Every structure is written in structure tokens, then in C-alpha cells.
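Here's the structure we're looking at; comments come further down.
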Amino acid sequence: MSSIVVHNKTFIPYLSEKEIIEKVNALAAQLSEDYQDKRPLFISILNGSFMFSSDLFKRLTIEAEICFIKLASYKGTKSSGQVITAIGLDTDIAGRNIVILEDIIDTGKTMNHFLPQIYNQQPRSLKIAVLLHKPEASVYPLHIDYTCFTIPNKFVLGYGLDFDGLGRNLPELYQLQEN
Ligand code: 5GP
Ligand code: MG
């Protein structure tokens, strides 16, 4: 892996595809154990979570369902602070065992905005699974049930995560070079 330039910014290699898939594999095994006979409904938050959700979901060995919603709060490399629901939930979640799939928890604002909407619909249980967590950036305290990687407070790109629309197709993760 070597450095890449996206929109004039340099990104350095951070986590390889192999490292990511190993963690996703382990998480899928854990969820398959924890949700055996519970037919969980996974709610994947677009856009950033599509690759993580796909890689995780196809590795589950239990009965499970998945649906997608679209929330957005980022512009460029900084959170805009405002959460917009671009595509809402179209599935009945009352009485269901819900697992939310998120690419990254940064300030926690997106989750903080979304969780009450879920609780209001009275799921049987609700857990959060994330690929990446930046605890240093936390503004809205949040309990995260499953985390693949805890990372420092630096902007990352790749594996579904973009920088102004680009970079989502990269199979590995890169970190913004600071200078
Ligand atoms: P939060 O609401 O927790 O501050 O931010 C969550 C959302 O912001 C994530 O779902 C993701 O889309 C975006 N985000 C946060 N940190 C990063 C980052 O380092 N890189 C990219 N590409 N997106 C990020
Ligand atoms: Mg996201």
C-alpha cells in the first residue's frame, strides 16, 4: 500500500484489507453466536456503511434481515453538525432484535439523533455495531456494543468512507496526512 492523493489531500495507508476483513470475520462470528435463533434485523446507515455491512452480512451464519437508512452530517473532512435523514426507515421494528451498523462513530451526533427514533418504535433489543470508533472525538456519550477498531481522532478514507464523494471504493483504509 502506498500514499494516495484525493482532492489535493494526501492520505497514508492505515489498515489493510486483510486486517479489516479479519475483524469483520470475528464480528460476524460473534454476532452469529449472540443472535442465534433471534432473527436480528440489521439497520445499515448509508452511505458510509455499505461495504462494512455487505462484508459483515454475508459472513453471518444465522437467519438475519437487513435494511438501510440514509443519514448524513459530514461536509469535507469536518462534521457539519446537522444530521439530515435522506432516506427513512421503511421496516416495522416493533418487537425486533435490532443491530445498527455504522461505519464510524466520531462525535456521536448521528447516532444520538437516530437512536430515539428507534427506541420510540419499541424494538425488543437494540445494539450498535461499528467498524471504527474515535473515542477522542466524542461529544455525545454513547454505549457501543461491538467495535472492530478503536482509532485516533484523524480523518480516515476508504472501505466505504469518502472524502467529498471520493475514495469509497478503496478496499483498505487511509488516514489524512497532517503537516
Ligand atoms: P458523528 O455524527 O459521529 O460525528 O459522525 C458520524 C458520521 O460522520 C459517519 O457515519 C461518517 O459518515 C462521518 N465521519 C466521521 N468521521 C469520519 C472520518 O474520519 N472519515 C470519513 N470519511 N467520514 C467520517
Ligand atoms: Mg456513516
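Just so you know, ligand 1 is whichever comes first in the structure, and atom 1 is the first atom listed for that ligand. What you see is a predicted model, and the numbers here were worked out from it, not measured in a lab.
When the options Thr110, Val130, Thr107 are ranked by their closest heavy atom to atom 6 (C) of ligand 1, first place goes to Thr110.
Residue pairs that meet the side chain to side chain donor-acceptor pair (under 3.5 Å) test with at least one member in residues 150-159, sequence neighbours left out, are Asp55-Tyr159. Listed by first and then second residue, the salt bridge (charged side-chain N to carboxylate O under 4.0 Å, His left out) pairs involving residues 13-32 are Lys18-Glu22 (not counting sequence neighbours).
Ile12 and Leu157 are not part of a single hydrophobic cluster, where members link through side-chain heavy atoms under 4.5 Å apart.
Residue Lys109 approaches ligand 1 through these ligand atoms, each under 4.0 Å from one of its heavy atoms: 1 (P), 2 (O), 3 (O). Residue contact check: Asp103 has heavy atoms under 4.0 Å from atoms 9 (C), 10 (O), 11 (C), 12 (O) of ligand 1. Atoms of ligand 1 found under 4.0 Å from any heavy atom of Leu161 (numbered from 1 in listed order, with element): 20 (N), 21 (C), 22 (N), 23 (N). Set against the non-hydrogen atoms of Glu102, the atoms of ligand 1 under 4.0 Å away are 10 (O). Close contacts of ligand 1 with Lys134, meaning ligand atoms under 4.0 Å from a residue heavy atom, involve 16 (N), 17 (C), 18 (C), 19 (O). Atom numbering of ligand 1 starts at 1 in the shown order; those under 4.0 Å from a heavy atom of Asp162 are 21 (C), 22 (N).
The shell of residues lying under 4.0 angstrom from ligand 1, judged by heavy atoms, excludes Leu157. Within the 4.0 Å heavy-atom cutoff, Phe155 counts among the residues contacting ligand 1. For the pair His113 and ligand 1, no heavy-atom separation below 4.0 Å is found.
Between the side chain of Arg39 and the backbone N or O of Arg96 there is no donor-acceptor pair closer than 3.5 Å.
For the residue pair Glu102 / Ser49, a side-chain donor-acceptor distance below 3.5 Å is found, with atom types taken as modelled.
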Checking side chain to side chain contact (heavy atoms under 4.5 Å, CB included) for the pair Leu142/Leu115: CA distance, chi angles, key distance, verdict?
CA-CA 10 Å; Leu142 199 64; Leu115 287 180; 3.7 Å; yes

For the pair Phe155 and Lys9, evaluate side chain to side chain contact (heavy atoms under 4.5 Å, CB included) and give the outcome as yes or no after the intermediate values.
CA-CA 11 Å; Phe155 189 80; Lys9 289 201 195 285; over 6 Å; no

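Residue Phe68 holds its CZ atom at 11.5 Å from CG of Asn47, rounded to the nearest 0.5 Å.
Residue Gly108 has at least one N or O atom closer than 3.5 Å to an N or O atom of ligand 1.
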